[in-house]
Amino acid sequence: MADSVSSEEVAVISNTDITSTESENNIINTMVERGTALLRKLEINVAEAEKRTGKNTVNMQETYTVYLIEIRPAETEGGTPAAPDTLWRRYSEFELLRTYLLVTYPYIIIPPLPEKRAEFVWHKLSADNLDPDFVERRRVGLENFLLRVASHPVLSNDKIFFLFLTEEKGWRDAVLETGFQDKADSRLKSLSAMFRVKNPDKRFTALKQYSDELNSVISQLLRIRARVADRLYGVYKVHGNYGRVFSEWSAIEKEMGDGLQSAGHHMDTYAASIDDILEEEEHFADQLKEYLFYTDAVRSVCRKHELIQYELEMAAQDLAQKKQQKEELATGTMRIFSLKGMTSKLFGQESPEQKESRLAALEQSIQEGEETVKEKNTECQEFVRAAWDDIEHFKEQKDKDLREALISYAIMQISMCKKGIQVWSNAKECFSKM
Amino acid sequence: MSVSAPRGLASSGQKPITEILHPLSAAEEPLSPGPDVTVSGGRDKEVGLTNGTPVETPSPASASVLFNRLQLDDDLDSDGRDPYADTETHDLFVTVDDPKKHVSTMETYITYRVSTKTTRIEFDLPEYSVRRRYQDFDWLRTKLEDSQPTHLIPPLPEKFVMKGVVDRFSEEFVETRMKALDKFLKRVADHPVLSFNPHLNAFLSAKDLNKRQGLALLSKVGESVKNVAGGYKLRVRPPEFCAMGEYLDTFNQKLGTIDRIAQRILKEQSEYLTELREYGTVYASWAGSEEELQRPLEGVAGCVTTCCGALEDMSENMGQDFLPVLREYILYIESMKNVLRKRDQSQAEYEGRLEAAVLRKQEDRTPIPAEVEKCQDKMECFNADLKADWERWQSNKRQDFKQLLTGMADKNVTHYEKCQAAWESLITLLQDKQTEDKTSCKSLWEMRQ
């Protein structure tokens with residue numbers, strides 16, 4: 001587990017569109033979480049997307065999109081940006097990376113990937129994976145994913161992550177070599193298993209509940225937002241009809257004609273403006289979606305903890321049982337039912353040698369049991385400590401990100417209002433000249 | 001297209017009658033130059049048909065006479081001022097307000113207060129205040145139509161409302177109807193000819209509007225115009241009236257479309273509003289499970305609610321002010337088409353009679369009977385009145401629609417301004433909190449900068 005060490009390391013993670021002044025400011029202002037030794041002075045971005053065709057695993061032609069990842073050292077003051085190292089990755093490779101991280105760092109809330117298929121769409125928005133707007137939004141989502149991993153105090157140090165960014169060809173083998181697949185299967189099993197923890201950690205219970213609530217409310221919000229978008233689209237578009245009828249009407253008028261005609265043009269502008277407005281709002285939806293998917297990651301950390309806790313409880317329970325058995329064996333009483341006890345009752349007492357050997361075996365077992373409990377305990381404590389570190393970090397990040405998302409949403413609304421005022425004021429002027 | 005009659009002089013007042021397009025001007029028979037319409041008084045007594053005014057009352061009958069009485073001021077701008085603005089007397093002011101519900105064993109209905117202020121000598125008192133119900137307005141309009149068939153009578157709001165569908169006693173309905181009645185009465189009062197109609201006088205001043213008797217005499221005269229013209233077929237409608245007809249048809253169509261669009265927008269807005277309200281509540285409920293984010297989320301919920309309110313206001317407005325005016329004009333157009341038809345009939349009658357008279361003259365030298373001349377006068381007065389009213393109507397229409405559409409645009413601007421203000425105050429709230437926060441944790445946005 002990465003330990004906090006104060007350092008003056010700076011990693012600049014930015015967009016290619018940045019100006020030199022902005023990037024200079026970034027270097028001064030941006031201080032990343034301590035421990036990101038790997039990403040010292042590295043810029044990452046997902047620059048482009050391209051369509052490829054190739055044969056898939058069942059030897060059929062398929063079209064898919066690949067994304068260009070660019071890595072370049074961060075700018076030093078006064079230096080010129082070096083040419084980036086680049087490689088291409090497709091979505092499924094991102095998925096593989098993420099699965100690896102999930103399995104390897106079960107106590108970390110792993111940043112989510114953008115959605116595989118478009119959901120919560122309002123009717124005009126394409127649900128087609130090859131649609132350029134969808135691809136663009138996905139590009140941004142993938143970049144966000146890489147940025148989040150690269151700035152994470154623990155995840156950024158992962159070697160496989162580093163190879164993902166640097167080794168186009170050999171990466172897949174490297175991942176598989178880690179043997180994470182086996183852990184992946186068992187993890188999936190454990191996540192879906194039903195078991196009850198006797199003494200659940202209150203903090204984790206509260207966190208899971210919060211995460212479920214957040215998931216539910218964001219899903220609701222996204223669904224309704226899509227409906228709202230649909231309706232608003234209708235309102236704007238119907239106004240386009242005014243454009244046509246005013247134009248037709250102006251043909252039979254003398255003095256009123258010009259005013260009507262120009263007002264009609266403004267109505268057309270108004271109707272057309274909704275397309276851009278709603279396209280921009282998708283950005284807000286994407287920000288919400290990221291946190292919707294984050295709740296899944298939070299949930300799995302909670303579940304993992306439950307599993308560990310459960311195993312600890314099971315081990316403790318098992319140990320207690322064995323101790324009980326030993327005591328009974330030693331004192332000859334049988335409080336707990338055991339097959340050995342029954343058989344000895346039925347078939348007569350065993351010989352002292354048998355008893356001795358059984359005691360010794362039990363003793364051994366108890367020793368092992370104590371070791372197991374100790375291990376499990378440590379594992380649990382370590383998990384809890386590391387997880388809570390990350391959870392606190394996540395909470396802060398979530399509050400900041402969502403606050404900013406709300407601000408940018410409000411800004412979008414203001415911009416929409418301004419456009420509306422502009423168009424209708426123009427129309428009003430035309431009408432007043434009628 | 002509007003008729004290109006000269007502004008402000010759209011009646012036959014200024015031109016000798018022969019210069020005005022004559023349907024049979026190609027005919028050899030030079031008809032008598034026509035009435036000398038610059039002289040008042042006696043002439044009108046014969047042509048009393050055109051407006052139904054009985055001889056007894058001193059009030060002027062036709063627009064032509066009125067112009068002369070009022071010393072036409074030749075202030076005819078081309079910037080679109082109402083050509084009648086300076087010829088209006090501004091001595092009759094009417095208002096409709098104060099709706100009250102009356103419940104009797106037989107029926108329940110609404111009355112409105114009709115207040116009048118006037119300096120006209122045709123009225124006994126300078127002020128009146130009476131109560132009238134829709135039926136009374138309807139009566140008035142019918143009487144005006146009958147007694148002034150050559151003029152465009154402004155429309156009333158719709159008479160029939162489906163009992164189950166519309167609440168006749170709801171505040172909005174009553175308010176909308178009252179505004180329309182007020183407009184109707186004002187238009188009549190502003191009209192240089194209609195405002196002198198004795199039925200209007202009775203409507204405004206009589207304590208009890210006895211609708212059956214008393215004014216029966218007047219209606220008889222008006223009837224003659226309606227009945228006589230039947231049975232004749234019009235051959236050619238003069239171009240300026242054709243143009244009017246075409247304009248009315250197209251305009252009617254466009255208004256219908258605009259009405260449909262406006263209704264559709266209201267419907268879409270209503271559905272949008274429903275979703276938006278629910279959207280706001282989700283933010284509010286989310287706020288409940290957050291700590292740091294509670295206030296921002298509540299802020300967003302508040303903004304959404306404010307926007308909902310603003311939208312509701314605007315929609316209500318459109319329903320109450322915009323749509324009724326549109327519908328009123330559609331009704332207006334209908335009544336105008338009727339007047340055009342009546343004009344056609346009067347022309348048809350004249351032409352028919354003239355033809356018959358000419359034939360007879362050719363056969364046995366019977367002179368053209370005086371009644372043919374009367375028909376011609378009737379028709380020409382009709383044409384003149386209609387043209388005058390057309391100009392006036394065009395001008396009013398322009399003002400009305402300018403006001404209507406500017407109002408609509410204005411309401412939209414106000415709506416967006418309200419929303420913008422709400423979101424801007426939220427940003428202030430959100431960003432204040434931000435500057436307090438100085439943890440080392442970086443947000444995604446910060447990482448990307």
Could you check whether any side-chain heavy atom of Trp390(B) comes within less than 4.5 Å of a side-chain heavy atom of Phe241(B), counting everything from C-beta outward? no
Using non-hydrogen atoms and a 4.5 Å limit, figure out which bit of Ile427(B) sits close to chain A: side chain, backbone, both or neither. side chain
What distance do Met314(B) atom CE and Cys419(B) atom SG have between them, rounded to the nearest 0.5 Å? 8.5 Å
Using the six-membered ring wherever Trp is involved, compare the ring planes of Phe246(A) and Trp249(A) and label them parallel, tilted or perpendicular (cut-offs 30° and 60°). tilted
The interface call for Tyr242(A) against chain B, heavy-atom contacts under 4.5 Å, is both
Is it the side chain or the backbone of Ala262(B) that comes within 4.5 Å of chain A heavy atoms, both, or neither? both
Does any backbone or side-chain atom of Glu290(A) lie under 4.5 Å from a heavy atom of chain B? Answer side chain, backbone, both or neither. side chain
Quick one: what part of Val413(B) sits under 4.5 Å from any heavy atom of chain A, side chain, backbone, both or neither? both
When Thr257(B), Val300(B), Leu426(B), Asp410(B) are compared by non-hydrogen pairs under 4.5 Å with chain A, the top option: Asp410(B)
Do NZ/NE/NH1/NH2 and the carboxylate oxygens of Glu253(A) and Lys397(B) come within less than 4.0 Å? yes
Is Arg139(A) salt-bridged to Glu143(A), cutoff N-O under 4.0 Å? yes
Chain A contacts, top residue of Leu276(B), Leu266(B), Leu293(B) (heavy-atom pairs, under 4.5 Å): Leu293(B)
Report which part of Leu214(A) has an atom under 4.5 Å of a heavy atom belonging to chain B: side chain, backbone, both, or neither. side chain
Which of the residues Lys418(B), Glu424(B), Arg260(B) is involved in the greatest number of heavy-atom pairs with chain A at under 4.5 angstrom? Glu424(B)
Are any of the side-chain heavy atoms of Leu406(A) and Phe284(A) separated by less than 4.5 Å? yes
Which residue out of Gln287(A), Arg231(A), Met256(A) racks up the most heavy-atom pairs below 4.5 Å with chain B? Arg231(A)
Honestly, the part of Lys418(A) sitting under 4.5 Å from a heavy atom of chain B is both
Can you label the angle between the Trp393(B) ring and the Tyr329(B) ring as parallel, tilted or perpendicular, going by 30° and 60°? tilted
Who among Ala421(B), Ala409(B), Cys303(B), Cys307(B) has the most heavy-atom pairs with chain A under 4.5 Å? Ala409(B)
Taking Glu292(B) first and then Lys398(A), would you say they form a salt bridge - that is, a charged N and a carboxylate O separated by under 4.0 Å? no
Atom NZ of Lys179(B) and atom CD of Glu328(B): how far apart are they, to the nearest 0.5 Å? 11.5 Å
Need one label for Tyr270(A): side chain, backbone, both or neither, based on atoms under 4.5 Å from any heavy atom in chain B. side chain
